[in-house]
Amino acid sequence: MTKSSSLLIFLISLIFPLPAQAGKLEDFSLGLAFGLDSTPYRDYDLNYTVLPVLHLETGHFYIRDNRAGVKLWQKNRVELSVFGAWDAAYSFNPNHTDNRQLNFLETRRESATGGGAIKWGSPIGLLALRLEHDLLRYSSGFKGQASLSKTFDLRILELNPQAGLYWNDQKYNTYYFGINEAEALASGLPTYQAQSAFIPYIALNIGLGLDEEKLWTLFITGQINFLPVAIKDSPMVDRSSTYNLATGLTYSFR
């Protein structure tokens, strides 16, 4: 889930109208969530957001948080798809930091991405791989993700732990964490060009069914990202990890 879900829902309504032949509706849920996100940047404000939550699955299309995709192939618990997404993993506004040197840096914007994904429901859990590219060319970079998650259904309680790796290429990291010569002259910070890097993370999603049929679900999610040297060494950064927390309520239409 990201803070730009509302924008994504609007874009999806324009770009991915579901035709009559889209396939049987397999899952559809709506809800609202409150989120809290930290950032790697020095003396930077926390992000507090209220988000719509939308999850939709048909035979050929899906909307999952910040991604809308088309399923190209499904067989033997393997799914191959292409998707469009809104990437809100990082953004930087010099007016949102109390650090005087960072006030002289340029804005780093969220972006739209497109790419491909593969999912495999293996005996040990759900394995997923994703690769995407910055379509708006703010960074012109690539990013990816590999994850393993498993769901434990405990009657009214559902637990979904996850572990994985994000990967950002050099262009992506340099856009969000690099400092060019003009910024260095204005701020007094040294120039910095980041390298590509892997970012390990762990996450836990908890769902509590509030009725017998589990139509209403109260959820809590949390994630910790462990920042690599390529990001930690940036003069813009002053921490070694970031976190994301969210809680909310959803209703499933069945």
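Every value quoted in this text rests on a predicted model; they were computed, and no experiment measured them.
By the neighbour-count criterion of 12 heavy atoms within 6.0 Å, atom CZ of Phe104 is sparsely surrounded, having that number or fewer from other residues, nucleotides or ligands. Taking a 6.0 Å sphere around CZ of Arg137, one finds it holds 12 or fewer heavy atoms contributed by other residues, nucleotides or ligands. Within a 6.0 Å sphere centred on CD of Glu212, other residues, nucleotides and ligands contribute 12 heavy atoms or fewer.
Nearest heavy-atom pair across Ala194 and Ala230 is CB-O, 3.8 Å. Of all heavy-atom pairs between Ala197 and Pro228, the closest is CB-CG, 3.5 Å. Heavy-atom minimum distance, Lys150 versus Pro123: NZ-O, 3.8 Å. In plain terms, the two heavy atoms of Leu227 and Arg239 that are nearest each other are CD1-O, 3.7 Å. Across Leu105 and Ser187, no two heavy atoms sit closer than the pair CD2-OG, 4.0 Å.
Between Arg109 and Asp87, none of the side-chain N atoms (NZ, or NE/NH1/NH2) sits under 4.0 Å from a carboxylate O, so this pair counts as no salt bridge. Ion pairing between a basic and an acidic side chain is recognised when a charged N comes within 4.0 Å of a carboxylate O; Glu57 and Arg64 show such pairing.
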Asp43 vs Leu102, test: side chain to side chain contact (heavy atoms under 4.5 Å, CB included). Steps then yes/no.
CA-CA 9 Å; Asp43 306 319; Leu102 267 57; over 6 Å; no
Taking it one step at a time, do Phe28 and Leu54 satisfy side chain to side chain contact (heavy atoms under 4.5 Å, CB included)?
CA-CA 8 Å; Phe28 178 40; Leu54 171 60; 3.5 Å; yes
Step by step, would you call Leu25 with Leu56 a side chain to side chain contact (heavy atoms under 4.5 Å, CB included)?
CA-CA 8 Å; Leu25 184 64; Leu56 183 146; 4.1 Å; yes
Tyr192 and Phe177: ring-ring contact (aromatic ring centres under 6.0 Å, His included), yes or no, with the steps?
CA-CA 8 Å; Tyr192 184 74; Phe177 304 107; 8.8 Å; no
Could you go step by step and tell me if Ile199 and Ile231 meet the side chain to side chain contact (heavy atoms under 4.5 Å, CB included) rule?
CA-CA 9 Å; Ile199 305 168; Ile231 295 176; 3.7 Å; yes
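Distance CD1/Ile124 to OG/Ser149: 10.5 Å, rounded to 0.5 Å. Atom-to-atom distance recorded for Tyr41:OH and Asp238:CG is 12.0 Å, nearest 0.5 angstrom. A distance of 11.0 Å separates CG of Leu208 from CD of Glu158, quoted to the nearest 0.5 Å. Rounded to the nearest 0.5 angstrom, Thr39 OG1 and Met236 CE are separated by 9.0 Å. To the nearest 0.5 Å, the span separating CD on Gln101 from CG on Leu189 amounts to 4.0 Å.
Within the structure, every pair that satisfies the salt bridge (Lys or Arg N to Asp or Glu O under 4.0 Å) test and touches residues 168-183, not counting sequence neighbours, is listed here: Arg108-Glu183.
The aromatic rings of Tyr251 and Phe253 sit perpendicular to each other, their planes meeting at more than 60°, with 30° as the lower class boundary. Note: Trp167 and Phe198 have tilted aromatic rings, judged against thresholds of 30 and 60 degrees for the angle between ring planes.
Remark: the Ser140 side chain and the Asp134 side chain contain no N/O donor-acceptor pair separated by less than 3.5 Å. A side-chain N or O of Tyr201 and one of Gln162 form a donor-acceptor pair less than 3.5 Å apart.
Between Phe226 and Ile202 there is a side-chain heavy-atom pair separated by less than 4.5 Å.
Screening Ile118, Val78, Leu148 for a side-chain contact (heavy atoms from CB on, under 4.5 Å) with Leu127, the sole residue that qualifies is Leu148. For the side chain to side chain donor-acceptor pair (under 3.5 Å) criterion with Asn244, the lone passing option out of Thr221, Asn47, Asn225 is Asn225.
Checking side-chain atoms of Tyr44 against main-chain N and O of Asn93 turns up a donor-acceptor pair under 3.5 Å.
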